[in-house]
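First the structure, in the form of structure tokens, and then the observations on it.
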Amino acid sequence: MRYNTYENYTKITAISDFNLKKTFECGQCFRWNVDENGVYTGVAFGKAAKIWTEGTSICISGREDDFLSYWRDYFDLDRDYSAIRESLCVDNYMRKATTFGAGIRILRQNKWEALCSFIISQCNNIPRIKGIVEALCREFGEPIEFDGKIYYSFPGSDTIAKLTPEQLAPIRSGFRASYIVGAAKAIEEGYLDMDALAEGSYESALKALKKLKGVGDKVANCVILFGLNMLNAFPVDVWMKRTISEHYDKSFTPDVFGEYAGIAQQYMFYYARSGQEEIGA
DNA sequence: AAACAGGCCTAAA
DNA sequence: TTTAGGCCTGTT
């Protein structure tokens, strides 16, 4: 990866495996939106940015220190995804899935935001998840003026912990409201230390997260993968169940993919969701 | 209109 | 330990 910094943006050159559409639309995040010119705008860790493709380069608005302090890490730019993809080609199906999904990168999202977002995701579809998350930010986040518009940060767990589920009514999250407040309180009251979880083992993180009401195996694994950035976490939802049963037998375990099983999961999920699977099968 | 959507909880075998 | 039914809400 190389980059050049200009007055108000950074241009990333010589990078493989970075496709904006695949990265933002593979289902791992909910706050990036594309306009008619293919420019994505979003907010992460309280900073708004625009990001777009120019030929084989990718540009991110902002100054060099923002790029170096935040975006480089957020987009996991120093990881060699093409080598990982190759290592995941354990069979013909994975060769197809990784080829199809080449360009996906796993974002290093804020831990609390990932927890809250994936609590919201349960039994929901993506448009509604995005709607609830945006409402949460609009109602309780901090306004950020950027490019002539107002965006909102994701509210901190300290803010949400002070609310009652009833006060979350405007975001229309339904039965998830009490889960959201409960998770925020667990953090603020010291029962859950997500920074510490990130330093510990996968098993201990899973156990700690599942103690929260509204967090089961699937949500916990999403949080571990996208929030704690443990790339062996392997969330299994209805789509993954389907695709696993179609391509593997009962003895399947994510261990066959090794330490990057979570990335394998994301390729499988994206491939399954695309509907391309059956076509070439 | 009834079923479903990227689960989870609780109660009951 | 596994399994059904219910859950907020919005969309089809």
Side-chain angles (χ1 to χ4, degrees), chain A residues 21-33 97 100-101 104-107 109 113-140 160 163-186 191-192 205-228 230-231 233-248 250 252-254 261-278:
Chain A
K21 184 176 171 59
K22 292 182 189 177
T23 297
F24 289 137
E25 297 177 19
C26 69
Q28 64 177 321
C29 58
F30 306 102
R31 298 211 67 201
W32 290 90
N33 296 300
F100 184 77
I104 292 174
R105 306 184 80 83
I106 306 289
L107 300 173
Q109 301 183 242
E113 178 173 338
L115 172 58
C116 193
S117 299
F118 283 96
I119 286 174
I120 290 169
S121 78
Q122 66 190 90
C123 204
N124 248 334
N125 52 44
I126 288 175
R128 187 167 172 228
I129 298 166
K130 291 181 79 170
I132 294 171
V133 169
E134 280 318 304
L136 179 70
C137 297
R138 196 170 53 243
E139 294 288 330
F140 303 106
I160 302 304
L163 303 174
T164 63
E166 291 71 31
Q167 290 175 290
L168 279 181
I171 74 170
R172 313 296 291 158
S173 63
F175 62 83
R176 304 159 194 81
S178 63
Y179 301 159
I180 294 168
V181 173
K185 283 189 168 158
Y191 301 112
L192 182 70
L206 184 69
K207 194 174 164 191
L209 289 167
K210 283 177 67 175
K211 282 184 185 160
L212 300 172
K213 266 202 177 174
V215 177
D217 264 304
K218 194 271 178 181
V219 169
N221 275 98
C222 285
V223 175
I224 295 171
L225 179 58
F226 303 124
L228 305 186
M230 294 184 190
L231 300 179
F234 195 85
V236 177
D237 67 346
V238 290
W239 291 90
M240 286 298 294
K241 279 200 184 102
R242 198 173 308 153
T243 201
I244 289 167
S245 70
E246 277 168 16
H247 298 282
Y248 297 95
K250 283 85 46 196
F252 171 85
T253 82
I263 299 182
Q265 182 273 353
Q266 206 54 204
Y267 290 129
M268 294 169 76
F269 179 75
Y270 183 72
Y271 193 38
R273 287 295 301 265
S274 74
Q276 293 297 116
E277 236 179 337
E278 304 92 330

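Quick note: numbers below take in every heavy atom, side chains included, and nothing from hydrogens, waters or symmetry partners. Letters A, B, ... mirror the listed sequences (proteins, then strands); counts begin at 1.
- Taking atom CG on Asp217(A) and atom P on dC8(B), their separation rounds to 7 Å, with Å as the unit.
- One can place CG of Asn124(A) at 9 Å from C1' of dC8(C), the figure rounded to the nearest angstrom.
- For the pair Arg242(A) CZ and dG6(B) P, the interatomic distance rounds to 9 Å; values are reported in whole Å.
- Between the OH atom of Tyr179(A) and the P atom of dT9(C) there is a distance of 14 Å, given to the nearest Å.
- Comparing dC8(B), dG10(C), dT10(B) against the side chain of Arg128(A) picks out dG10(C) as the nearest.
- Under 3.5 Å, the side chain of Arg176(A) and the base of dC8(C) form at least one donor-acceptor pair of N or O atoms.
- Of the residues listed (Asn33(A), Asn125(A), Asn124(A)), the one engaging Lys130(A) in a side chain to side chain donor-acceptor pair (under 3.5 Å) is Asn33(A), and it is the only one.
- Across the P atoms, dG6(B) and dG5(C) are found 22 Å apart, a figure rounded to whole Å.
- Applying the 3.5 Å distance criterion, the base of dG10(C) shares no donor-acceptor pair with the side chain of Arg172(A).
- Whole-Å rounding puts the Ile119(A) CD1 to dC8(B) P distance at 10 Å.
- Taking the P atom of each, dG6(C) and dA3(B) are spaced 13 Å apart, rounded to whole Å.
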Worksheet item: Is there a side-chain contact (heavy atoms from CB on, under 4.5 Å) between Gln122(A) and Ile119(A) once you walk through the steps?
Response: CA-CA 6 Å; Gln122(A) 66 190 90; Ile119(A) 286 174; 4.1 Å; yes
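- Pairing partner, dC8(C): none, since no Watson-Crick or wobble contact has both distances short of 3.5 Å.
- Nucleotide dG6(B) has no partner under the Watson-Crick or G-U criteria, as no pair reaches both atom distances under 3.5 Å.
- Taking atom CD1 on Ile129(A) and atom P on dT11(C), their separation rounds to 14 Å, with Å as the unit.
- Remark: Met230(A) CE to Asn221(A) CG distance equals 11.0 Å, nearest 0.5 Å.
- Ile120(A) comes within contact range of no nucleotide atom at all, as no heavy-atom separation falls under 4.0 Å.
- The residue Gly27(A) sits close to a base: some heavy atom pair falls under 4.0 Å.
- Distances from the side chain of Cys222(A) to the nucleotides dG6(B), dC9(B), dG7(B) place dG6(B) closest.
- Relative orientation of the Phe100(A) and Tyr271(A) rings is tilted, given thresholds of 30° and 60° on the angle between their planes.
- Taking the nucleotide of DNA chain B with the nearest heavy atom to each of Lys210(A) and Phe30(A), the more 5' of the two is matched to Phe30(A).
- For the P atoms, the distance linking dC9(B) with dG10(C) amounts to 23 Å, nearest Å.
- Distance Lys130(A) NZ to dG6(B) P: 14 Å, rounded to the nearest Å.
- Residue Val181(A) comes nearest to Pro165(A) through the heavy atom pair CG2-N, 3.9 Å, listed as atom of the first residue, atom of the second, then distance.
- Within the 4.0 angstrom heavy-atom criterion, base atoms lie near Ile126(A).
- The CH2-P distance, from Trp239(A) to dG7(B), rounds to 11 Å in whole Å.
- The aromatic rings of Tyr179(A) and Phe175(A) stand perpendicular to each other, their planes meeting at an angle above 60°, with 30° marking the opposite boundary.
- Scanning atom types as modelled, no donor and acceptor separated by under 3.5 angstrom connect the side chain of Lys218(A) and the base of dG7(B).
- A sub-4.0 Å separation between OP1 or OP2 of dT10(B) and a side-chain N or O of Lys213(A) is present.
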